Amino acid sequence: MNREQRNKKYRKNLYQQAYSRFQSMLAVGESKRQGIKDGSAYGKIYSYSTYQAYWKSVKYYMAWLKEQHPEVRSMKKARRYVNEWLQERSDQLDPEGNPRYSAWTLSLDAAALNKYYQVTPDDPERYTPPQRHRYDIKRSRGPAERDKHFSVRNNAELIEFCRGTGARRGALLGLTGDDLWSRARMEATLETFQAAGSLETQQIVALQDALASFPDQDYFVFFARDKGGRSRYAPVIGKNKQQIVDRFRDTPRDGKVWQYVSGNADIHSYRSDYATALYRSMARDIKDIPYDRINVGTGKWYQGDVYTCRGDEAGKKLDRRAMLLASKALGHNRIDVIANNYLRGL
């Protein structure tokens, strides 16, 4: 690199430096599993939504730097102030004396900067954010300011659509009339793929998984390349199933099912309703789950399919199999995520 190139690089402002760095880490469409195997995953961001969330946190950090440390001209030198910024945000209080930022927000901020600076979990200088608890979650727990600007009556069909499909906000606007799949269509498509000797593509795997996981469901919504680039078929459930099916059928195959989705719609809450309803429809009574495993230490039998909650819901027992199926329908495939963020009132 010659002197002119070095000077050009040096002239980049903090925003340009950070943007270039994050752009180089963006790996949407690549296999995270392969990245974990070859050790490259830690330096990549596989989800565009994660990229956007991290980028937002880093921009907040840069705005703070500009105000508190205007002498800093490079993101490399800015690293020394990361913990100072995170601790300052952790200490901020609102007018009522409560923490201004939730533990979830602080964890996101810390994760964003850890990703940017490649701070490993065993780094002694790594910032440890406050512990997160379910009861600390403010989002989707009762009335919020944005609810004043959202009419439940005028958006009743949207709400029931979300409660019956578990769609994410970003996916809603991408759905077309062709994304409704009957069970018969799924089975026929899978047979066609198999007859043609097609390889195990993502769609084939998603078809096989949905058909096997939800044998009693007759309609599914196909979410192509949803969060993390994964495709999935989510069963359509609930008392408004026919209304949801009719909306798809009344939409042209390449037409948008939803032209507009209010930014004040609490989509996460509706996904929670979907997950809880789906779990309830599949969950077994805890006493009916067999004792199928032996504890190596005690030699006693225990229920391998029983999930015992922790934290503020410690001791509550749930059907692990039903949790996993509900998690699959949401596009997570992790029971800890659904236990901590979606299942309510059980």
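Along the sequence shown, the residues carry numbers beginning at 1. On a predicted model such as this, the values are computed, not experimentally measured, just so you know.
Other residues sharing the hydrophobic cluster of V296, ordered by chain and number and joined by side-chain separations under 4.5 Å: none, the residue standing alone. Cluster partners of I289, using a side-chain heavy-atom cutoff of under 4.5 Å among ILVMFWY residues and allowing indirect links, are I286, V306.
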Exercise for review: Apply side-chain hydrogen bond (donor to acceptor under 3.5 Å, both in side chains) to Q203 and S231, showing your working.
Suggested key: CA-CA 6 Å; Q203 186 177 7; S231 297; over 6 Å; no
Check your understanding: Between F214 and L278, is a side chain to side chain contact (heavy atoms under 4.5 Å, CB included) present by the stated rule, with each step listed?
Key -> CA-CA 10 Å; F214 309 104; L278 190 57; 4.2 Å; yes
Practice item. Take T176 and D254, measure what side-chain hydrogen bond (donor to acceptor under 3.5 Å, both in side chains) needs, and give me the verdict at the end. Key: CA-CA 6 Å; T176 67; D254 58 351; over 6 Å; no
Check your understanding: Between Y15 and K59, does a side chain to side chain contact (heavy atoms under 4.5 Å, CB included) hold up when you go through it step by step?
Key -> CA-CA 8 Å; Y15 181 97; K59 285 193 289 186; 4.0 Å; yes
Practice item. Assess whether side chain to side chain contact (heavy atoms under 4.5 Å, CB included) is satisfied between R89 and L106, documenting all intermediate values. Key: CA-CA 8 Å; R89 282 169 74 78; L106 294 172; 3.7 Å; yes
Practice item. Would you check, one step at a time, whether the test salt bridge (charged side-chain N to carboxylate O under 4.0 Å, His left out) holds for D273 with R163? Key: CA-CA 6 Å; D273 294 339; R163 285 174 172 166; 2.9 Å; yes
Exercise for review: Kindly indicate, with the supporting measurements, whether the criterion side-chain hydrogen bond (donor to acceptor under 3.5 Å, both in side chains) is fulfilled by E88 and W64.
Suggested key: CA-CA 10 Å; E88 183 177 304; W64 177 84; 3.0 Å; yes
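With contacts defined as side-chain heavy-atom distances shorter than 4.5 Å, the pair V257/R247 qualifies. Considering only heavy atoms from C-beta on, E187 stays 4.5 Å or farther from L190 through its side chain. Between E30 and Y46 the shortest side-chain heavy-atom distance falls below 4.5 Å. Side-chain contact between C309 and K317 is absent, with no heavy atoms from C-beta onward closer than 4.5 Å. Within the 4.5 Å cutoff, no side-chain heavy atoms of T251 are placed close to those of K256. I204 has its side chain within reach of Q208: a pair of non-hydrogen atoms, C-beta onward, lies under 4.5 Å apart. The closest side-chain heavy-atom distance from F193 to L207 is below 4.5 Å. Side-chain contact between V119 and R79 is present, with heavy atoms from C-beta onward closer than 4.5 Å.
Using a distance-only test at 3.5 Å, with no hydrogens or angles considered, no donor-acceptor pair links the side chain of S327 to the main chain of M323. Without hydrogens or angle criteria, T189 side chain to R185 main chain gives a donor-acceptor distance under 3.5 Å. Judged by distance alone, with hydrogens and angles left aside, the side-chain atoms of S90 form no donor-acceptor pair with the main-chain N or O of L86 at under 3.5 Å. At least one donor-acceptor pair under 3.5 Å links the side chain of R169 to the backbone N or O of S262. Side chain of R232 to main chain of A206: no donor-acceptor pair is present (N/O by atom type, distance under 3.5 Å, no hydrogens or angles). One N or O on the side chain of T276 and one on the backbone of R344 form a donor-acceptor pair closer than 3.5 Å. In this structure, S213 contributes its side chain and D209 its backbone to a donor-acceptor pair below 3.5 Å. Without hydrogens or angle criteria, Q303 side chain to D288 main chain gives no donor-acceptor distance under 3.5 Å. Looking at Q68, its side chain never comes within 3.5 Å of a backbone N or O of L65 through a donor-acceptor pair. R271 contributes no side-chain N or O that, together with a main-chain N or O of Y342, makes up a donor-acceptor pair within less than 3.5 Å.
Between R284 and D319, at least one side-chain N (NZ, or NE/NH1/NH2) sits under 4.0 Å from a carboxylate O, which counts as a salt bridge.
In terms of heavy-atom proximity, Y274 sits nearest to C162 at CB-O, 4.1 Å. S57 and W85 get closest at one heavy-atom pair: O-CH2, 3.6 Å. Of all the heavy atoms in A265 and L158, the pair that sits closest is CB-CD2, 4.2 Å. Taking both residues in full, the closest heavy atoms of Y307 and D336 are given as OH-CA, 4.4 Å, listed atom of the first, atom of the second, then distance. Of all non-hydrogen atoms in A210 and Y233, the two that sit nearest each other are CB-CB, 3.6 Å. Scanning both residues, G174 and D179, for their nearest heavy atoms gives O-OD2, 3.9 Å.
We find the NZ-CD distance between K77 and E71 to be 9.5 Å, quoted to the nearest 0.5 Å. Atoms CG and CD1, from L343 and I335 in turn, are 10.0 Å apart once rounded to the nearest 0.5 Å. Rounding to the nearest 0.5 Å places NZ of K37 at 7.5 Å from OG of S31. Atom NZ of K56 is separated from atom CG of D109 by 10.0 Å, given to the nearest 0.5 angstrom. Rounding to the nearest 0.5 angstrom, the gap separating the CZ atom in R321 from the OH atom in Y279 is 11.0 Å. With rounding to the nearest 0.5 Å, the separation of OG in S40 from CD in Q34 is 7.5 Å.
Identified under the side chain to side chain donor-acceptor pair (under 3.5 Å) test for residues 291-302, with sequence neighbours left out: none. Judged as a side chain to side chain donor-acceptor pair (under 3.5 Å), the pairs with a partner in residues 112-124 (not counting sequence neighbours) are, in order, T120-D122.
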Review item, side-chain donor-acceptor pairs of residues 236-244, under 3.5 Å, at least two apart:
residue: N240; atom: ND2; partner: E160; partner atom: OE1; Å: 3.0
residue: K241; atom: NZ; partner: D218; partner atom: OD1; Å: 3.0
residue: Q242; atom: NE2; partner: D246; partner atom: OD1; Å: 2.9

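The distance between the ring centers of F220 and W181 does not fall below 6.0 angstrom. Here the two rings, on F161 and F248, have centers that are under 6.0 Å apart. Y48 has its ring centre less than 6.0 Å from the ring centre of Y51.
Put simply, Y42 and L113 are part of two different groups of oily side chains (I, L, V, M, F, W, Y) that touch within less than 4.5 Å, one to the next. No path of Ile, Leu, Val, Met, Phe, Trp and Tyr side chains, each step under 4.5 Å between heavy atoms, connects I36 with V28, placing them in separate hydrophobic clusters. W258 and V152 fall within a single hydrophobic cluster, where Ile, Leu, Val, Met, Phe, Trp and Tyr are joined by side-chain heavy atoms under 4.5 Å apart, directly or via other members.
Side chain to side chain, S102 and T105 meet the donor-acceptor criterion of an N or O pair below 3.5 Å. Checking Q17 against N13 by side-chain atom types alone, no donor-acceptor pair falls below 3.5 Å.
Not counting sequence neighbours, R280 has no partner by the side chain to side chain donor-acceptor pair (under 3.5 Å) test.
Around atom NZ of K44, more than 12 heavy atoms belonging to other residues, nucleotides or ligands sit under 6.0 Å away.
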